[in-house]
Amino acid sequence: MPALVLVGAQWGDEGKGKATDLLGGRVDYVVRYQGGNNAGHTVVIGDERYALHLLPSGILTPTCTPVIGNGVVIDPGVMLKELAGLNDRGIDTSRLRVSADAHIITPYHIELDKLTERFLGKQKIGTTGRGIGPAYQDKFARIGIRVQDLFDEKILHQKVSNALDTRNQVFVKVYNRRPFDVDAVVEELVGYAEQLAPYVADTSLLLNNALDEDKLVLLEGSQGTLLDVDHGTYPFVTSSNPTTGGACAGSGIGPTRIDRAIGILKAYTTRVGAGPFPTELHDADGERLRQVGGEVGVTTGRDRRCGWFDAPIARYATRVNGLTDMFLTKLDVLTGWDEIPVCVAYEVDGQRVDEVPTTQTDFHHAKPIYENLPGWQEDISGARSIEDLPQAARDYVAFLEDASNCRISAIGVGQDRDATIVVHDLVS
């Protein structure tokens with residue numbers, strides 16, 4: 001059976017956790033393939049709300065095996081704390097499997113992340129300060145620490161010493177900070193080994209064997225397309241590839257084993273952190289979207305920047321990811337507006353541009369060109385079929401589908417687990 005990829009089609013926070021959880025009852029494996037605890041998924045089950053930062057959303061589904069792939073960077077303390085929190089709430093976390101090849105976030109990565117942002121001042125990227133970027137830097141500089149290294153103290157000591165030969169020079173000579181002690185870092189990391197051991201596996205082998213056995217594997221990206229280090233609004237991006245191309249490298253599954261890519265996007269647009277955002281609203285409409293949509297970052301606690309739906313970005317996400325389907329979330333948030341603007345193109349230096357501009361400069365200066373659609377006043381949170389929606393809401397969905405160059409197969413109309421309209425089956 002082929003694998004599916006679930007990817008954010010905007011700047012992250014689109015509701016991937018809800019989509020993954022919706023599919024979880026039919027999916028055998030849910031895999032996080034990149035990022036770290038700089039992302040957040042909120043899943044609501046009945047009266048219970050779960051905020052997941054590092055763990056795959058499938059951990060809340062008893063019949064599903066959640067997997068953290070080799071492309072993820074892991075803060076072991078955060079992971080163990082998150083597992084303990086779920087265990088305390090009666091969630092069985094023993095099914096989790098973690099790649100032995102995933103890289104570890106160390107205390108010096110976290111410190112370097114915070115210092116770098118502080119010294120950048122007005123030019124800061126807006127990172128979460130959790131060490132994700134520096135951990136990826138060390139990975140690609142070939143001085144990183146992997147999960148498997150925690151189980152061989154001699155190798156771990158050699159690798160930490162090698163990494164700190166470089167990093168401590170930066171702490172002392174650039175930032176005027178004390179150097180990290182190699183032995184202290186090794187002692188902290190070794191302390192996690194026994195607790196992590198039951199979860200560690202060859203996850204690439206596990207997943208490929210599962211596909212051979214006709215199991216359904218869902219690959220879950222964190223962040224979103226416009227935060228991809230290659231395809232996002234660079235340099236205001238994350239340090240990995242949330243796009244579908246990153247799913248193969250970050251999980252150990254070959255591209256021929258994936259046949260469906262599902263993009264998640266809100267019925268409007270949000271982003272956290274610095275960077276361009278053509279449809280951002282600085283008025284009462286923006287504040288209303290923030291309040292009604294509960295737009296506060298799950299991981300950061302920061303208010304999200306809010307704006308109207310951006311069709312050029314949706315088309316870009318369709319193209320870059322090869323999307324076959326879209327899951328539109330938070331349609332209910334738009335209830336109550338008389339008119340709802342949709343950005344259909346940009347104006348750049350007096351010229352109309354229908355696609356995302358090629359250069360960073362042009363994107364920073366892009367002004368949205370809007371088309372206004374009729375709004376609706378009816379409460380749609382109880383809708384469970386497209387026919388249940390008022391005509392204006394159906395027309396809005398149809399307009400976004402056409403403007404995005406991708407069919408909308410599911411629509412979120414509320415926070416509850418079952419508050420979803422399925423237009424086309426996302427699995428079969």
Side-chain angles (χ1 to χ4, degrees), residues 6-10 13-26 42-46 260 262-270 279 281 285-286 288-295 304 306-315 317-318 323-344 370-428:
L6 195 69
V7 61
Q10 295 163 321
D13 305 305
E14 300 97 344
K16 293 181 291 294
K18 179 181 177 65
T20 306
D21 188 60
L22 173 71
L23 294 168
R26 304 170 66 188
T42 299
V43 179
V44 179
I45 303 175
R260 181 165 289 187
I262 304 166
I264 315 302
L265 73 171
K266 286 176 181 169
Y268 49 101
T269 311
T270 65
T279 67
L281 298 169
D285 284 333
R288 181 174 168 185
L289 286 172
R290 185 177 297 109
Q291 293 294 330
V292 177
E295 297 298 349
R304 295 179 186 134
C306 297
W308 299 120
F309 188 90
D310 190 317
I313 283 176
R315 288 195 295 274
T318 297
L323 296 181
T324 58
D325 303 84
M326 282 187 170
F327 189 136
L328 186 71
T329 63
K330 292 195 169 184
L331 183 65
D332 55 303
V333 173
L334 296 180
T335 298
W337 266 276
D338 293 327
E339 284 190 326
I340 305 173
V342 174
C343 172
V344 295
Y370 287 114
E371 186 167 332
N372 292 320
L373 277 69
W376 60 91
Q377 307 301 315
E378 299 91 333
D379 179 7
I380 64 171
S381 61
R384 295 297 179 268
S385 71
I386 197 74
E387 291 76 21
D388 293 338
L389 294 175
Q391 187 61 49
R394 277 184 271 173
D395 291 343
Y396 183 78
V397 172
F399 186 90
L400 299 194
E401 183 174 65
D402 183 64
S404 302
N405 290 339
C406 185
R407 73 177 188 180
I408 293 175
S409 295
I411 305 163
V413 292
Q415 288 190 347
D416 291 343
R417 199 175 198 178
D418 64 343
T420 302
I421 296 169
V422 177
V423 184
H424 305 286
D425 191 350
L426 290 173
V427 174
S428 62

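Hydrogens, waters and symmetry mates are skipped; everything else that's a heavy atom, side chains included, is used.
- Every residue meeting the side-chain contact (heavy atoms from CB on, under 4.5 Å) condition with R288, not counting sequence neighbours, appears here in chain and number order: V292, W337.
- Annotation: the span from N372 atom CG to W308 atom CH2 amounts to 9.0 Å, rounded to 0.5 Å.
- Taking both residues in full, the closest heavy atoms of G375 and A392 are given as O-CB, 3.3 Å, listed atom of the first, atom of the second, then distance.
- Judged by distance alone, with hydrogens and angles left aside, the side-chain atoms of S404 form no donor-acceptor pair with the main-chain N or O of A314 at under 3.5 Å.
- A donor-acceptor contact shorter than 3.5 Å is absent between the side chain of R407 and the backbone of V423.
- D310 and I313 make their closest contact through OD1-N, 3.1 Å (heavy atoms, listed as atom of the first residue, atom of the second, distance).
- I340 is not listed as a side-chain neighbour of Y268, based on a closest heavy-atom distance of 4.5 Å or more.
- You'll find the side chain of T270 stays beyond 4.5 Å of the side chain of L289, heavy atoms only.
- Under the 4.5 Å side-chain criterion, counting only non-hydrogen atoms from C-beta, W376 is not in contact with D395.
- Annotation: side chain of R260 is not in contact with side chain of V427 (no heavy-atom distance under 4.5 Å).
- Pairs of residues two or more places apart, or lying in two chains, that qualify as salt bridge (charged side-chain N to carboxylate O under 4.0 Å, His left out) and include a residue from residues 327-337 are E295-K330.
- Within the model, atoms CD1 of I386 and NE2 of H424 stand 9.0 Å from one another, a figure rounded to the nearest 0.5 Å.
- Considering every non-hydrogen atom in both C306 and G286, the closest pair reads CB-O, 3.8 Å.
- At distances below 3.5 Å, not a single donor-acceptor pair connects side-chain atoms of R304 with backbone N or O atoms of R290.
- Scanning all heavy atoms of the two residues, the minimum distance from C343 to P312 falls at O-CD, 3.4 Å.
- Residues D388 and I421 form no side-chain contact, since every pair of their non-hydrogen atoms from C-beta on lies 4.5 Å or further apart.
- In this structure, E401 CD and C406 SG are separated by 8.0 Å, a value rounded to the nearest 0.5 Å.
- Contact of the S381 side chain with the V413 side chain is not registered, since no non-hydrogen atoms from C-beta on lie closer than 4.5 Å.
- In this structure, the side chain of Q10 does not engage the main chain of A317 through any donor-acceptor pair within 3.5 Å.
- Using modelled atom types, no side-chain atom of T335 and backbone atom of Q377 make a donor-acceptor pair closer than 3.5 Å.
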Take L328 and L265 through the test side chain to side chain contact (heavy atoms under 4.5 Å, CB included) and record every step on the way to the result. CA-CA 5 Å; L328 186 71; L265 73 171; 4.1 Å; yes
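- With contacts defined as side-chain heavy-atom distances shorter than 4.5 Å, the pair V7/I264 does not qualify.
- Judged by distance alone, the side chain of Y396 and the main-chain N or O of L334 form no donor-acceptor pair under 3.5 Å.
- The two atoms that bring L389 and A383 nearest to each other are CD2-CB, 3.8 Å, heavy atoms only.
- For the pair T279 and F309, the minimum side-chain heavy-atom distance is 4.5 Å or more.
- The side chain to side chain contact (heavy atoms under 4.5 Å, CB included) with F327 is formed by just one residue from the set I408, T420, I411; it is T420.
- Nearest heavy atoms, E14 versus A9: OE2-N, 3.3 Å.
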